[in-house]
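Here's the structure we're looking at; comments come further down.
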Amino acid sequence: MWPCVVSSFSRRLVASLGVCGRRKCCGTAAFMPEAPAFEGVRSRSELRDFSVSDSERFWAAVGNQRLSWISPFHTVQDCDLTQGRIKWFEGGKLNVSVNCLDRHVHTSPDRVALIWERDEQGSEVKYTYRELLEMTCRLGNVLRRRGVKRGDCVTIYMPTCPLAVAAMLACARIGAAHNVVFAGFSADALAERIRDAESNTVITVNQGVRGGKFTELKKTVDEAVQSCPSVQQVLVAMRTDTPVVMTARDVAMEEYVFSYHDGDVFGCVADIGWITGHSYTVYGPLANGGTTVLFESTPIYPDPGRYWNTVERLKINQFYGAPTAIRLLLKYGDHWVTKYDRSTLKTLGSVGEPINTEAWEWYHRVVGDGRCPVVDTWWQTETGGICIAPRPSEPDAEIVPGMAMRPFFGIKPVLMDTEGKVLTSNNTSGALCMAQPWPGMARTIRNNHQRFIETYYQPYPGYFFTGDGAYRSAQGYYQITGRLDDVINVSGHRIGTAEIEDVVNQCSAVAESAVIGFSHDIKGEGVYAFVVLKKNIDIKEDDLSRQLNKMVSKKIAKYACPDVIQLANRLPKTRSGKIMRRVLRKVVERDLDGLGDLSTLDDPTAVQEIVEGHNAILRKQQQKQQP
Ligand code: WTA
């Protein structure tokens with residue numbers, strides 16, 4: 001057998017993304033160094049079976065070998081999916097920041113932890129584990145001195161940068177929770193999240209820089225905290241040289257130091273404001289002693305070659321991105337990719353939404369030169385980490401384009417029919433649930449455990465419900481088909497349609513609205529809003545659209561703005577007054593034969609009007625496209 005040279009970093013991340021270090025290795029130790037101790041486990045598939053059938057021993061080994069405990073756990077798990085009770089490693093105590101930093105500083109202090117790919121191309125900055133630990137400790141001390149204590153929740157509203165990572169780890173270090181809010185969110189959306197978290201401390205920067213544009217993050221915080229009486233202090237770091245007005249509440253932070261050392265480079269280009277940034281830019285790579293890239297910019301700044309320029313310059317080995325960006329880039333042509341050296345790449349990952357076959361093929365053929373496996377990884381905020389992905393699997397095991405395919409270690413997916421029965425056959429579709437708990441899964445919703453139970457455990461008693469639909473192929477591979485609830489996924493960002501409707505309905509001209517997702521070339525899903533105006537309102541469509549865009553970007557974020565607004569006299573409703581979104585979706589999908597049972601519809605002519613209105617929009621769009 002090959003000597004097991006897989007670093008602890010490679011063990012977890014690389015296990016998820018399927019890099020096997022050497023082509024022909026792959027005794028079970030290559031997937032998991034602890035595996036040889038499990039009797040009778042000789043292959044990847046036996047290891048997976050074991051991880052599900054004897055999940056306690058499996059996770060106990062992982063927990064013991066890979067984490068440093070302050071006090072060891074006495075019970076591996078105490079979970080009951082029928083009650084929504086999730087408890088892992090009971091009695092155990094650890095500090096995640098110690099696991100991400102101190103452990104590696106002990107063995108290799110000069111290994112690079114972070115490579116900050118700043119918005120300004122070619123000006124990357126590297127931080128070693130020692131430096132990141134120093135920065136984290138300093139920030140932790142500042143927080144502690146300023147009264148932040150165990151159990152508090154600190155809101156972090158920062159771009160993807162080393163100080164934001166240090167802020168996350170500093171919170172964890174002193175026992176505070178962090179609430180990282182995507183820096184693209186508006187003052188209102190930020191304020192709501194600060195209030196939810198009951199934060200008294202916010203950490204931000206003077207300005208953000210993305211795609212060459214400056215955003216006034218500190219000003220947005222100033223505006224947000226007006227309606228957040230709990231906030232007592234705002235820590236402000238300087239990302240640019242532009243001074244900002246400081247108030248009595250604000251505390252200025254200093255900048256820190258950097259240097260460099262060699263290492264394996266993991267490039268997850270997600271923003272830290274989303275779960276992918278948490279698990280695969282910060283905690284996953286650092287807990288495993290890896291070198292991780294913090295990508296601050298956009299895929300097309302200064303030009304559509306940005307990702308591949310970054311891959312060449314930083315010698316990235318694993319590149320993890322979103323289908324929406326891949327779809328966008330493929331439209332610019334191959335030369336933006338091929339002009340850069342991508343020979344360091346070993347694995348290409350995709351996450352956040354279904355990746356269509358065209359994008360998958362392009363990613364594989366052009367970006368990966370046909371030699372890097374493309375792994376379509378399915379997971380969600382609630383699952384904590386990757387649950388279904390083509391790798392790890394036996395070397396040379398097939399990868400089917402556009403499919404997440406195989407359950408990860410310890411994951412037992414099931415499909416449910418509409419009556420809540422488990423579908424046992426293959427070549428079938430249903431609601432995707434998980435039949436067994438695993439340590440990374442969510443345990444509650446802060447301050448709302450009841451909602452947690454209702455959302456995830458009541459729909460299918462005894463199972464965790466993901467909210468997604470999936471198809472299981474004849475070979476038993478999983479393919480995610482999309483959300484089943486009223487949540488849409490725009491450019492990989494989940495948003496409830498109700499949240500958008502809520503804002504649209506606040507417009508003084510609007511009587512009511514219904515928002516649905518529709519298939520969009522680049523964003524995956526776009527936002528389609530049906531709007532009923534109040535009686536006797538006279539407003540030009542362009543004005544309405546401007547008003548709504550302004551309101552939605554102010555209250556939520558730019559990405560949630562409607563792509564299409566269709567005015568209607570009324571919406572199709574059931575006799576009990578519920579909007580029939582299914583009908584709206586079918587109209588927009590042009591599937592008029594699939595409207596289904598309309599017997600509960602209050603007024604059938606409403607559907608005809610909606611169809612006509614939609615046709616008019618299509619005609620307009622076609623006219624616009626003609627030269
Ligand atoms: C969707 C992002 C298809 C899905 C990690 C899920 C996907 C939601 C995939 C979670 C994929 C994520 N194929 N759909 N590979 N990955 N999704 O919480 O609907 O931001 O429930 O976590 O994104 O989004 P979240």
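Scope of the values below: all heavy atoms of this structure, side chains included, with no hydrogens, waters or symmetry mates. Both ligands and their constituent atoms are indexed starting at 1 by order of listing.
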TODO: Flag the pair F530 / Y528 as yes when their ring centroid distance falls below 6.0 Å, and as no otherwise.
DONE: yes

TODO: Report the nearest protein non-hydrogen atom to atom 3 (C) of ligand 1: residue, atom name, distance rounded to 0.1 Å.
DONE: P354 N, 3.1 Å

TODO: Report the nearest protein non-hydrogen atom to atom 2 (C) of ligand 1: residue, atom name, distance rounded to 0.1 Å.
DONE: I275 CG2, 3.8 Å

Open item on the list: To the closest 0.5 Å, what do you measure between CE (M403) and OG (S473)?
Closed with: 4.5 Å

Task: Within the 6.0 Å centroid threshold, strictly below: F58 and W438 - done: no

- [ ] Kindly indicate whether a cation-pi arrangement holds for R446 with F452, taking the cut-offs as under 6.0 Å to the six-membered ring centre and within 45° of the axis.
- [x] no

TODO: For T381, counting its heavy atoms only, list the atoms of ligand 1 lying under 4.0 Å from any of them.
DONE: 18 (O), 20 (O), 22 (O), 25 (P)

Task: Atom indices of ligand 1, in the order listed, that fall short of 4.0 Å to a heavy atom of N489 - done: 1 (C), 23 (O)

TODO: Please determine if E382 has a nitrogen or oxygen closer than 3.5 Å to a nitrogen or oxygen of ligand 1.
DONE: no

Task: Test side chain to side chain donor-acceptor pair (under 3.5 Å) applied to Y320 and T281, T276, T377, the passing residue - done: T377

- [ ] Determine whether the side chains of R391 and T347 contain a donor N or O and an acceptor N or O closer than 3.5 Å.
- [x] no

Task: Nearest-neighbour protein heavy atom for atom 8 (C) of ligand 1, which is reported as residue plus atom name and distance - done: R494 CD, 3.7 Å

Open item on the list: Considering non-hydrogen atoms of the protein only, which is the closest contact for atom 11 (C) of ligand 1, and what is the distance?
Closed with: E353 O, 3.5 Å

- [ ] Spell out, as yes or no, whether a donor-acceptor pair under 3.5 Å connects the side chain of E501 to the backbone of V515.
- [x] yes

Open item on the list: What protein heavy atom lies closest to atom 1 (C) of ligand 1? Include the residue and the distance to one decimal.
Closed with: G352 O, 3.3 Å

Open item on the list: Need the ligand 1 atom indices (1-based, order shown) with element for anything under 4.0 Å from a heavy-atom of V351.
Closed with: 5 (C)

TODO: Run the ring-centre check on Y307 versus F295 and record whether the distance is less than 6.0 Å.
DONE: yes

TODO: List the closest protein heavy-atom neighbour of atom 6 (C) of ligand 1: residue, atom name, distance to the nearest 0.1 Å.
DONE: D468 OD2, 3.1 Å

Task: Distance filter under 4.0 Å to T276 heavy atoms, resulting ligand 1 atoms - done: 5 (C)

Open item on the list: Determine whether D502 and K555 satisfy the following criterion, salt bridge (Lys or Arg N to Asp or Glu O under 4.0 Å), listing intermediate values before the conclusion.
Closed with: CA-CA 10 Å; D502 200 45; K555 302 252 174 201; over 6 Å; no

Task: W274 to ligand 1, any heavy atom closer than 4.0 Å - done: no

Open item on the list: Heavy atoms only, cut-off 4.0 Å: how does I355 contact ligand 1, side chain, backbone, both, or neither?
Closed with: neither

Open item on the list: Out of all atoms in ligand 1, which are within 4.0 Å of some heavy atom of Q380? Include the element for each.
Closed with: 6 (C), 10 (C), 18 (O), 21 (O), 22 (O)

